[in-house]
Visitor: 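Could you have a look at this structure, given as structure tokens, before my questions?
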Protein chains: 2
Amino acid sequence: MRKMNNKNKTFIDKLRSSGLRPTNQRVEISKFLFNRKKTFHFTVEELKNSMNSKRSKKISTATFYNTVHALKSAGHLKEFSLENNTSCYDTNITSHHHFFDDGKVIDIKSDKITFQKLPEAPKGKKIKNVEVVIRLENNN
Amino acid sequence: MRKMNNKNKTFIDKLRSSGLRPTNQRVEISKFLFNRKKTFHFTVEELKNSMNSKRSKKISTATFYNTVHALKSAGHLKEFSLENNTSCYDTNITSHHHFFDDGKVIDIKSDKITFQKLPEAPKGKKIKNVEVVIRLENNN
DNA sequence: CACCTACTTTAGAATAATTATAAAGTAGTT
DNA sequence: AACTACTTTATAATTATTCTAAAGTAGGTG
Ligand SMILES: [Mn+2]
Ligand SMILES: [Mn+2]
Ligand SMILES: [Zn+2]
Ligand SMILES: [Zn+2]
């Protein structure tokens, strides 16, 4: 049985609401993802390397994938594809947009982009969300 | 030496301007891609299956990948990632946007979406392009 | 506490998309 | 016809991801 303080509360709740028991591995992952000032973007491989490089007892790849998937399904993470066809996860789950700058992904707050005109959804369909990617290149 | 008529001209030129000699396999691929009324979206696997199912002598996977990559590099195809992290190619190389409806990808003409506000690029950078994806779901 | 059972973790195998390799084929040129 | 460079292809390798099945762990029960 593991002692838990109020600071742990939020990220443990995210596990619970994802249908996951707060085991040690999952708590560490959820803490790493959510117990920080700024949101960020990561691939599962990056997450695994960041966390496991600091640990003696490594967390397995399958646990990273399973935990991230459950958090994503519960709506605690957003997922999108990078240009090299790998999944990138976003701890910022608010509706927002992105700059793609070479490998880097940078948030654009939702209110920084507004539309003058948007098409209607085809009949029988409705719009689930609208996401903008602005690709960057160097000046000159 | 292969007889060629004017109708072949355009898609053979796309091969030449991609640095590819117009061999039989490449001509057939380029013809399949560009010698049609409407533009379309495809994965390499779909392209390979569509073409090879009609042929006795199959074109190899590597030739599909090599040819598509060269056409893409020369700007005759656009590439983007589907939600399952596979590459989708677009014979419509004009700047435009997409509906993502389950597995289906539908073009949105550029003038159907206009912006009221767009963010500036970070210093040292400029905007290469702006692409919008509108995800659809069923009504009700 | 001892036990049960369901859930969890993990190493390793499997899969899927893509890329690399290297041998055999082909075409344009002399 | 012979030469050479480019091309095609089968197959192996790689990468990201998912699956499998065995071993580990945690709550609840008596
Ligand atoms: Mn890939
Ligand atoms: Mn994949
Ligand atoms: Zn983001
Ligand atoms: Zn398109």
Side-chain angles (χ1 to χ4, degrees), chain A residues 1-4 12 14-32 41-52 55-74 77 79-89 103 105, chain B residues 1-4 12 14-32 41-52 55-74 77 79-89 103 105:
Chain A
M1 180 61 77
R2 156 163 288 265
K3 178 175 63 178
M4 77 182 65
I12 290 182
K14 288 192 208 287
L15 291 174
R16 290 223 157 84
S17 61
S18 305
L20 298 179
R21 279 196 207 155
T23 61
N24 285 357
Q25 290 93 328
R26 289 166 177 173
V27 168
E28 297 223 27
I29 292 171
S30 193
K31 185 176 173 186
F32 184 93
H41 306 103
F42 64 93
T43 65
V44 171
E45 199 63 18
E46 289 166 353
L47 174 65
K48 189 181 80 166
N49 292 339
S50 305
M51 292 193 62
N52 276 346
R55 323 175 91 248
S56 44
K57 176 88 172 62
K58 313 298 186 191
I59 298 173
S60 72
T61 303
T63 294
F64 283 108
Y65 274 101
N66 291 340
T67 305
V68 165
H69 283 166
L71 289 167
K72 153 79 192 325
S73 293
L77 291 172
E79 181 182 10
F80 56 89
S81 287
L82 297 178
E83 311 218 307
N84 58 336
N85 289 343
T86 68
S87 282
C88 184
Y89 294 90
V105 178
Chain B
M1 179 63 75
R2 159 161 285 268
K3 179 176 60 178
M4 76 182 64
I12 289 182
K14 288 191 208 288
L15 291 174
R16 289 222 158 86
S17 61
S18 305
L20 299 179
R21 277 196 207 154
T23 61
N24 284 356
Q25 290 92 328
R26 290 167 175 171
V27 167
E28 296 223 27
I29 292 171
S30 193
K31 184 176 173 187
F32 184 93
H41 307 102
F42 64 92
T43 65
V44 172
E45 197 63 18
E46 289 166 354
L47 174 64
K48 189 182 80 166
N49 292 338
S50 304
M51 291 193 62
N52 277 346
R55 323 175 88 248
S56 42
K57 177 90 173 59
K58 314 297 185 190
I59 298 173
S60 74
T61 304
T63 294
F64 283 108
Y65 274 100
N66 291 341
T67 305
V68 165
H69 284 167
L71 290 167
K72 154 77 192 324
S73 293
L77 291 172
E79 181 181 11
F80 56 90
S81 287
L82 298 179
E83 311 217 308
N84 58 335
N85 289 343
T86 68
S87 282
C88 184
Y89 295 90
V105 178

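Every chain is numbered from 1 and lettered A, B, ... according to where its sequence line falls, protein lines coming before strand lines.
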Visitor: Round to a whole Å and report the spacing from NE2 of His69(B) to P of dT18(C).
Guide: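 The answer, rounded to whole Å, is 7 Å.
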Visitor: Give one of base, sugar-phosphate or nothing for Lys57(A), where a contact means two heavy atoms less than 4.0 Å apart.
Guide: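 Sugar-phosphate only.
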Visitor: If you find the nucleotide of DNA chain C closest to Thr61(B) and the one closest to Arg21(B), which residue's nucleotide is nearer the 5' end?
Guide: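 So the residue in question is Thr61(B).
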Visitor: Choosing from dT8(C), dT10(C), dT9(D), which nucleotide comes nearest the side chain of Arg26(A)?
Guide: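 For Arg26(A), the side-chain atoms sit closest to dT8(C).
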Visitor: Nearest to the side chain of Thr23(B), which nucleotide is it out of dT7(D), dA11(C), dT9(D)?
Guide: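 Of the candidates, dT7(D) comes closest.
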Visitor: Do Ser30(B) side-chain atoms and Ile12(B) backbone N/O form a donor-acceptor pair below 3.5 Å?
Guide: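 No; judged by distance alone, with no hydrogens or angles, the pair does not exist.
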Visitor: Contact class for Lys58(A) vs. all strands (heavy atom < 4.0 Å): base, sugar-phosphate, or nothing?
Guide: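 Touches sugar-phosphate only.
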Visitor: For dT17(D) and Asn85(B) - does any side-chain N or O of the residue sit under 4.0 Å from the phosphate oxygens OP1/OP2?
Guide: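 Asn85(B) to dT17(D) OP1/OP2: side-chain N or O found under 4.0 Å.
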Visitor: Between Asn66(A) and Leu20(A), does a side-chain contact (heavy atoms from CB on, under 4.5 Å) hold up when you go through it step by step?
Guide: CA-CA 10 Å; Asn66(A) 291 340; Leu20(A) 298 179; over 6 Å; no
Visitor: Could you check whether Thr43(A) gets within reach of a base, just the sugar-phosphate, or nothing at all, counting any heavy atom under 4.0 Å?
Guide: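 If one applies the 4.0 Å heavy-atom cut-off, Thr43(A) turns out to touch nothing in the nucleic acid.
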Visitor: Any side-chain N or O of Tyr65(A) below 4.0 angstrom from OP1/OP2 of dT17(D)?
Guide: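 For dT17(D), OP1/OP2 do have a side-chain N/O of Tyr65(A) under 4.0 Å.
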Visitor: Should the pair His41(A) and Phe80(A) be assigned to parallel (<30°), tilted (30 to 60°) or perpendicular (>60°) ring geometry?
Guide: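 Rings of His41(A) and Phe80(A): perpendicular, as their planes differ by over 60°.
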Visitor: If you look at every strand shown and take non-hydrogen atoms under 4.0 Å, does Gln25(A) touch a base, only sugar-phosphate, or nothing?
Guide: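 Touches sugar-phosphate only.
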Visitor: Out of Asn52(A), Val68(A), Ile59(A), which residue meets the side chain to side chain contact (heavy atoms under 4.5 Å, CB included) rule with Leu47(A)?
Guide: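 Between Leu47(A) and the candidates, side chain to side chain contact (heavy atoms under 4.5 Å, CB included) is satisfied uniquely by Val68(A).
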